[in-house]
K.L.:
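Pasting a structure here, questions to come.
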Amino acid sequence: MRIRSAATAVLAATAVTAPLLAAAPASAAPRHQGGLHIGYVQYDSPGRDSSSRTSVNGEWVNIHNNSRSAIQLKGYKLKDNTGYTYTFGSYRIGAGKTVKVRTGKGTNASGVRYWGRSWHVWNNTSDKARLIRPNGSQLDSCAWTTRDRGTKNCH
């Protein structure tokens, strides 16, 4: 008898809450369902920070296009809390593709862009990466603290 009454209670609770779940607003959906967004940040370069190309390029931010269309990134900006800014030149990111923006110097190629800096941008203790549209409005951001241990999954 106890099993049957417990099952009845579960079914009754489900009947009451199911319509509420179905009526949840779209804003309750996960933050990065689609579109252009910051996907992953390696804010603390592996090893000791130095001005070597390897160390500076050990910092990077992935920008992911989770839409069904390619997006032209010309004029989009990537900024930190201090105001350091990387501005995309003409670069088309394909649907479902990711571009990695490395802090240091290198040769731009498909899927990777170089900021051209000689020293690190992202603070290891806490900072925030912001993706800014060409019109100046913020599209996305991703913040971290030391508890994230050098990397942050922003999805």
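Worth knowing before you read on, the calculation uses all heavy atoms, side chains too, and leaves out hydrogens, waters and symmetry mates.
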K.L.:
Answer whether the closest heavy-atom distance between the side chains of Ile63 and Leu36 falls below 4.5 Å.
P.N.:
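Yes, their side chains come closer than 4.5 Å.
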K.L.:
If we only count heavy atoms from C-beta on, is the Asp148 to Val41 side-chain gap below 4.5 Å?
P.N.:
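No, too far: nothing below the 4.5 Å cut-off.
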K.L.:
Stepwise, does the side-chain hydrogen bond (donor to acceptor under 3.5 Å, both in side chains) test hold for Ser50 with Ser52?
P.N.:
CA-CA 5 Å; Ser50 73; Ser52 75; 3.2 Å; yes
K.L.:
To the nearest 0.5 Å, how far apart are CG in Leu131 and CD1 in Ile38?
P.N.:
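Between atom CG of Leu131 and atom CD1 of Ile38 there are 5.5 Å.
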K.L.:
Return a table of donor-acceptor pairs under 3.5 angstrom between the side chains of residues 83-93 and protein atoms on other chains or two or more places apart.
P.N.:
residue, atom, partner, partner atom, Å
Thr85, OG1, Gly83, O, 2.8
Tyr91, OH, Gly111, N, 2.9

K.L.:
I need the Gln42 CD to Lys100 NZ distance, nearest 0.5 Å.
P.N.:
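Rounded to the nearest 0.5 Å, the CD-NZ separation comes to 8.5 Å.
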K.L.:
I'd like to check Asn65 versus Lys97 (side-chain heavy atoms, cut-off strictly below 4.5 Å). Are they in contact?
P.N.:
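No - every pair of side-chain heavy atoms lies 4.5 Å or more apart.
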K.L.:
Give a yes or no on whether the backbone of Thr145 and the side-chain of Tyr43 come within a donor-acceptor separation of less than 3.5 Å.
P.N.:
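At least one qualifying donor-acceptor pair exists.
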K.L.:
Please collect all side chain to side chain donor-acceptor pair (under 3.5 Å) contacts where either partner lies in residues 104-115, sequence neighbours excluded, each pair once.
P.N.:
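Only Lys105-Ser118 qualify under side chain to side chain donor-acceptor pair (under 3.5 Å).
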K.L.:
Starting from Tyr40 and following side-chain heavy-atom contacts under 4.5 Å between hydrophobic residues (I, L, V, M, F, W, Y), which residues can be reached?
P.N.:
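Other cluster members: Trp60.
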K.L.:
Check for a donor-acceptor pair, side chain of Gln138 on one end and backbone N or O of Arg130 on the other, with a separation under 3.5 Å.
P.N.:
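Side chain of Gln138 to backbone of Arg130, a donor-acceptor pair under 3.5 Å: no, none is there.
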K.L.:
Looking at every non-hydrogen atom in both residues, tell me the closest pair between Glu59 and Trp122 and how far apart they are.
P.N.:
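Closest approach of Glu59 to Trp122, heavy atoms only: OE2-O, 3.2 Å.
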K.L.:
Sequence neighbours excluded, which residues qualify as side-chain hydrogen bond (donor to acceptor under 3.5 Å, both in side chains) partners of Ser55?
P.N.:
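Per chain and number, Ser55 pairs via side-chain hydrogen bond (donor to acceptor under 3.5 Å, both in side chains) with His120.
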K.L.:
Using modelled atom types only, decide if a donor and an acceptor are shared between the side chain of Asp127 and the backbone of Asn81 within a distance under 3.5 Å.
P.N.:
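Yes; judged by distance alone, with no hydrogens or angles, the pair exists.
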K.L.:
So, Asn123 side chain and Thr125 main chain: donor-acceptor pair closer than 3.5 Å or not?
P.N.:
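No; zero donor-acceptor contacts below 3.5 Å.
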K.L.:
Applying a strict under-4.5 Å side-chain criterion to I, L, V, M, F, W and Y, I'd like to know whether Leu139 and Val101 cluster together.
P.N.:
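Hydrophobic grouping puts Leu139 with Val101.
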K.L.:
Taking atom SG of Cys142 and atom CG of Asn153, what is their separation to the nearest 0.5 Å?
P.N.:
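Here the rounded value is 8.0 Å.
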K.L.:
With distance as the sole test, does His37 use its side chain to make a donor-acceptor pair with the main-chain N or O of Gly35 at under 3.5 Å?
P.N.:
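Such a contact is found between His37 side chain and Gly35 backbone.
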K.L.:
Output the distance between atom CG (Leu73) and atom CZ (Arg133), rounded to the nearest 0.5 Å.
P.N.:
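Taking CG in Leu73 and CZ in Arg133, the distance rounds to 12.5 Å.
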K.L.:
Roughly how far, to the nearest 0.5 Å, is the CG atom of Leu78 from the CG atom of Asp140?
P.N.:
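So the CG of Asp140 and the CG of Leu78 are separated by 10.5 Å.
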K.L.:
Please list, chain by chain and in numerical order, all residues satisfying side-chain hydrogen bond (donor to acceptor under 3.5 Å, both in side chains) with Asp49, sequence neighbours excluded.
P.N.:
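Asn124.
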K.L.:
Only pairs at least two apart or in different chains count here, so list each side chain to side chain donor-acceptor pair (under 3.5 Å) that has a residue in residues 68-78.
P.N.:
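Output for this query is empty, none listed.
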